Amino acid sequence: MPIRFYNTLTRKKEVFQPIKEGEVGMYTCGPTVYDYAHIGNFRTFIFEDLLKRYLLHRGYKVYHIMNITDIDDKTIKRSREENTPLGQMTDKFTGHFMDDSNWLKIIPANEYPRATDSIPKMIEMIQLLLEKKYAYTDNDGSIYFNIQSYPDYGQLTNLDLNAQRTTNRIASDEYTKDDPQDFALWKGWKEEDGDVAWDAPWGKGRPGWHIECSAMSNQYLGDHFDIHCGGVDNIFPHHENEIAQSKCATDQPFANHWLHSEHLLVEGGKMSKSLGNFYQIKDLVDLGYSPENIRYQLLSGHYRTRITFSADKKHEGDRVVNRIFDLKSRLIELGAYSAAESQLPAVYNEFINKLDDDLDSPGALSLFFQWMRTQNSKFDKGIYNDRDIGESWEFLCVLESIFGIVKIDSDHIPNEVIHLAEQREEARKEENWEKADKIRDEVQSKGWIIEDLVTGYKIKKT
RNA sequence: GGCGUCGUACCCAAGUGGCUUAAGGGGGCGGUUUGCAAAACCGUUAUUCGCCGGUUCGAAUCCGGCCGACGCCUCCA
């Protein structure tokens, strides 16, 4: 079965066909580094991570670019508020973003171009658009893209511009541009921009947001590439504008497949800074979340459906992640590392079929859980052979390589806890159950659980 | 006003015409196991998919209406 993805551009699932056999060029809109990213931002990044991990698993060579928006209205505003030079402020939040991404086991992109490093490319593109009459200069030194000059404008969004009413937001703005819906390619320098300015043939200023991605994708992936991703809120106007700019500048098709992840809601509503109903990664760390738990929460719903992130569901994630890790530990105890057999179980094909169908991660997980039960059952009953161990191990590795929800190692157990567990084992041998139970309680109060096995005991974190 | 999405058990969530007289996870309940637990496993928890009609041999799945939640329509992942 071929891989099929829903393409926002055509509004249907399409067979994924890379331009170059076996290779995928992928551009994902990265963060605007004016603050810490929140879990909603990371839903998109983890969806993109799933997409990339899956393509890699299916044997594609993936060249992934994620931009860092380090120059726009928000970054300038924040740097002024903090009275910190723009570059210093954006460096700081870029660093936090990298740390959070890494903690969440997101596979790094091949390149993380910063907008401020690609200004010459942006100027070059704007120049082209001016020459081709897709853009015009305004009296304040700004350059606007004339959307009337591009007949397909609105295709991605499915908007008929002539049928649009003028919203209050637009009407209330003061514009000198020809059409209120034209968007800025370049913003002429203003007093409040301070020293944030670059020289361009038409005067000093700074780039508009949309041209950043057009320039950076072009610089690293060329005129025409395979996949472009982002959150649904980037569809309009950001991606619509990118398409217009890039196609008009290059006369090439731009991105073939557009994939967008839906919003992550928080306890009923959209996350918003003004309501304060959002979690940043550090908040989740404080609440005791593991990266695997967060990944599970975000991947247990399909990327094109709205899902709600709720701390109430932490327990569910912990249970699932622990169950998977327990299977892993069990397999290691059974000698999985040295298992000679290394093929995948039959269910693997169904698992792949699910993911081939527009990344049906919940469907794939469901198959995994069903399979996990039958394996545990075999191991419980002692009816298994090397092949079962080998297959289980292989499938678990596949799960980790695609989902990233298998914990790497067990937690470091303090000597004190090990010592207590030994004492308890002695007490158990003497059938001193009272003492044994007391020690178990004591260990539990220190945050560890002792589980008795036929062969001895096992210590786990609570 | 335009474009579009969603409504499946206590909670989360697949399925989009017959393989489903509705996956999977969490929770609850009962059991196997255990010195007792824990973990694991087994059983159970929706004759029904917001409501009402229609199409069809057959619908959660298609069509129409209604009710309810929601997104976008210039810079929010």
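Only a predicted model underlies this, so the values are computations on that prediction, with no experimental measurement involved. Chain naming here is simple, since letters A, B, ... match the order of the sequence lines and numbering starts at 1 in each. Basis for what follows: all heavy atoms, side chains included, without hydrogens, waters or symmetry-related copies.
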(request) Under a 3.5 Å limit for both distances, which nucleotide forms a Watson-Crick or G-U wobble pair with B/G68, could you say? (result) B/C6
(request) Between A/I450 and A/E316, just flag the one whose closest nucleotide in RNA chain B comes earlier from the 5' side. (result) A/E316
(request) Quick one: label A/R428 by what it contacts on the DNA or RNA (base, sugar-phosphate, nothing), any heavy atom closer than 4.0 Å. (result) base
(message) Any donor-acceptor pair, under 3.5 Å, between the side chain of A/R323 and the base of B/A39, if you only look at N and O atoms?
(response) no
(request) Starting at atom CG of A/D441, determine the distance to atom C1' of B/A38, rounded to an integer number of angstrom. (result) 12 Å
(message) Classify A/G40 by what it touches in the nucleic acid, base, sugar-phosphate, or nothing, heavy-atom distance under 4.0 Å.
(response) base
(message) So, taking the atom named OG1 in A/T44 and the one named NE2 in A/H263, what distance separates them when rounded to the nearest 0.5 Å?
(response) 8.5 Å
(request) Kindly state whether the ring of A/F97 and the ring of A/F45 have centres lying under 6.0 angstrom apart. (result) yes
(request) May I ask you to test the A/H239-A/T157 pair for a side-chain heavy-atom distance under 4.5 Å? (result) no
(request) Please tell me which of the listed nucleotides, B/A77, B/A14, B/C36, lies nearest to the side chain of A/T44? (result) B/A77
(request) Give A/H315 one of three labels, base, sugar-phosphate or nothing, depending on what nucleic acid heavy atoms sit under 4.0 Å from its own. (result) sugar-phosphate
(message) Suppose we define a pair by two distances each less than 3.5 Å, Watson-Crick or G-U wobble; what does B/A77 pair with here?
(response) none
(request) Nearest 0.5 Å please: distance from the CG atom of A/L396 over to the CG atom of A/L331. (result) 6.5 Å
(message) Test your reading of the model: is there a side-chain donor-acceptor pair from A/N293 to the backbone of A/V321, 3.5 Å cut-off?
(response) no
(request) Using the P atom as the reference point in each nucleotide, state the distance between B/C6 and B/U16 in Å, no decimals. (result) 13 Å
(message) Can you tell me if A/R373 touches the phosphate of B/G24, counting only side-chain N or O atoms and a distance under 4.0 Å to OP1 or OP2?
(response) yes
(message) Distance check needed: B/C6 P versus A/R306 CZ, whole Å only.
(response) 9 Å
(request) Starting from C1' on B/A40, measure out to NZ on A/K328 and report it in whole angstrom. (result) 19 Å
(message) For B/G24, is there a stacking contact with A/F369, counting only centres under 5.5 Å and planes under 30°?
(response) no
(message) Under 4.0 Å, counting only non-hydrogen atoms across every strand here, what does A/T305 touch: a base, just sugar-phosphate, or nothing?
(response) sugar-phosphate
(message) What's the gap between B/G25 and B/G2 when it is taken at their C1' atoms, as a whole Å value?
(response) 40 Å
(request) Quote, to the nearest angstrom, the P distance that separates B/C52 from B/A9. (result) 15 Å
(request) Grab the CG-C1' distance between A/D358 and B/U16 for me, whole Å please. (result) 14 Å
(request) State whether the side chain of A/N7 and the backbone N or O of A/W258 hold a donor-acceptor pair below 3.5 Å, judged by distance alone. (result) yes
(message) Nearest to the side chain of A/R424, heavy atoms from C-beta on, is which of B/G35, B/C41, B/A23?
(response) B/G35
(request) Determine the Euclidean distance between corresponding P atoms of B/C3 and B/A46; express it in Å to zero decimal places. (result) 41 Å
(request) Any strand is fair game: report the nucleotide pairing with B/G43 by Watson-Crick or G-U wobble, both distances under 3.5 Å, or none. (result) B/C29
(request) Select from A/L264 and A/I307 the residue whose nearest nucleotide in RNA chain B is closer to the 5' end of that strand. (result) A/I307
(request) Decide yes or no, distance alone: a donor-acceptor N/O pair under 3.5 angstrom between the base of B/G15 and the side-chain of A/D360. (result) no
(message) Looking only at the side chain of A/D326 (C-beta and beyond, no hydrogens), which of the listed nucleotides B/G26, B/A14, B/A39 gets closest?
(response) B/A39
(request) Could you walk me through whether A/Y144 and A/F183 pass ring-ring contact (aromatic ring centres under 6.0 Å, His included), step by step? (result) CA-CA 5 Å; A/Y144 291 102; A/F183 58 90; 8.8 Å; no
(message) Using atom C1' in both nucleotides, what's the gap between B/A38 and B/G50 to the nearest angstrom?
(response) 42 Å
(request) Give a yes/no on whether any side-chain N or O of A/R319 is located under 4.0 angstrom from OP1 or OP2 of B/A39. (result) yes
(request) Between B/G28 and B/C11, how far apart are the C1' atoms? Round to whole Å, please. (result) 12 Å
(message) Starting the side chain at C-beta, find the nucleotide from B/A13, B/A40, B/C36 nearest to A/P362.
(response) B/A13
(message) Using the side-chain heavy atoms of A/I449, tell me which of these nucleotides is nearest: B/A38, B/A40, B/C42.
(response) B/A38
(message) With a 3.5 Å limit on both atom pairs, tell me what B/U16 is paired to, counting Watson-Crick and G-U wobble, or say none.
(response) none
(request) Would you tell me if any nitrogen or oxygen in the side chain of A/N41 comes within less than 4.0 Å of OP1 or OP2 on B/A77? (result) yes
(request) Would you classify A/R206 as touching base, sugar-phosphate or nothing, given that sugar-phosphate means primed atoms plus P, OP1 and OP2, and contacts are heavy atoms under 4.0 Å? (result) nothing
(message) In whole Å, I'd like the distance from the CZ atom of A/R304 to the P atom of B/C70.
(response) 22 Å
(message) Please report the distance separating the C1' of B/U5 from the corresponding atom of B/U44, rounded so that it comes out in whole Å.
(response) 36 Å
(message) Checking contacts here: which listed nucleotide (B/C41, B/A23, B/A77) is nearest the side-chain heavy atoms of A/R43?
(response) B/A77
(request) Check every strand shown and say whether A/K187 touches a base, only sugar-phosphate, or nothing at a heavy-atom separation below 4.0 Å. (result) base
(request) Round to a whole Å and report the spacing from NE2 of A/H260 to C1' of B/U5. (result) 15 Å
(message) Between B/A23 and B/C63, how far apart are the two P atoms, rounded to whole Å?
(response) 25 Å
(message) Closest approach to the side chain of A/S377, judged atom by atom: which nucleotide of B/C41, B/C76, B/C73 is it?
(response) B/C41
(request) Tell which nucleotide pairs with B/A60, taking only Watson-Crick or G-U wobble pairs whose two distances are both under 3.5 angstrom. (result) none
(request) Indicate, with a heavy-atom threshold strictly under 4.0 Å, whether A/K458 touches base, sugar-phosphate, or nothing. (result) nothing
(request) For the residue pair A/Y136 and A/D182, confirm or rule out a side-chain donor-acceptor distance under 3.5 Å. (result) yes
(request) Begin with the C-alpha distance, continue with both residues' side-chain angles, and end with the deciding distance and a verdict on ring-ring contact (aromatic ring centres under 6.0 Å, His included) for A/F368 and A/F395. (result) CA-CA 9 Å; A/F368 179 84; A/F395 196 26; 5.4 Å; yes
(request) Would you classify A/E451 as touching base, sugar-phosphate or nothing, given that sugar-phosphate means primed atoms plus P, OP1 and OP2, and contacts are heavy atoms under 4.0 Å? (result) base
(request) Check step by step if side chain to side chain contact (heavy atoms under 4.5 Å, CB included) holds for A/Y150 and A/F145. (result) CA-CA 9 Å; A/Y150 175 62; A/F145 184 92; 4.0 Å; yes
(message) Regarding A/F45, tell me which of base, sugar-phosphate or nothing describes its non-hydrogen contacts under 4.0 Å with the strands shown.
(response) nothing
(request) Would you mind reading off the distance between A/E350 atom CD and B/A23 atom P, rounded to a whole angstrom? (result) 15 Å
(message) Could you check whether the side chain of A/D452 and the base of B/C36 have a donor-acceptor pair of N or O atoms closer than 3.5 Å, going by distance alone?
(response) yes
(message) Can you see if the side chain of A/K381 gets near the phosphate of B/C41 - specifically, an N or O under 4.0 Å from OP1 or OP2?
(response) no
(request) Let me know the distance between NZ of A/K313 and P of B/C10, rounded to the nearest Å. (result) 17 Å
(message) Mind checking if A/N376 touches a base, just sugar-phosphate, or nothing, with heavy atoms under 4.0 Å?
(response) sugar-phosphate
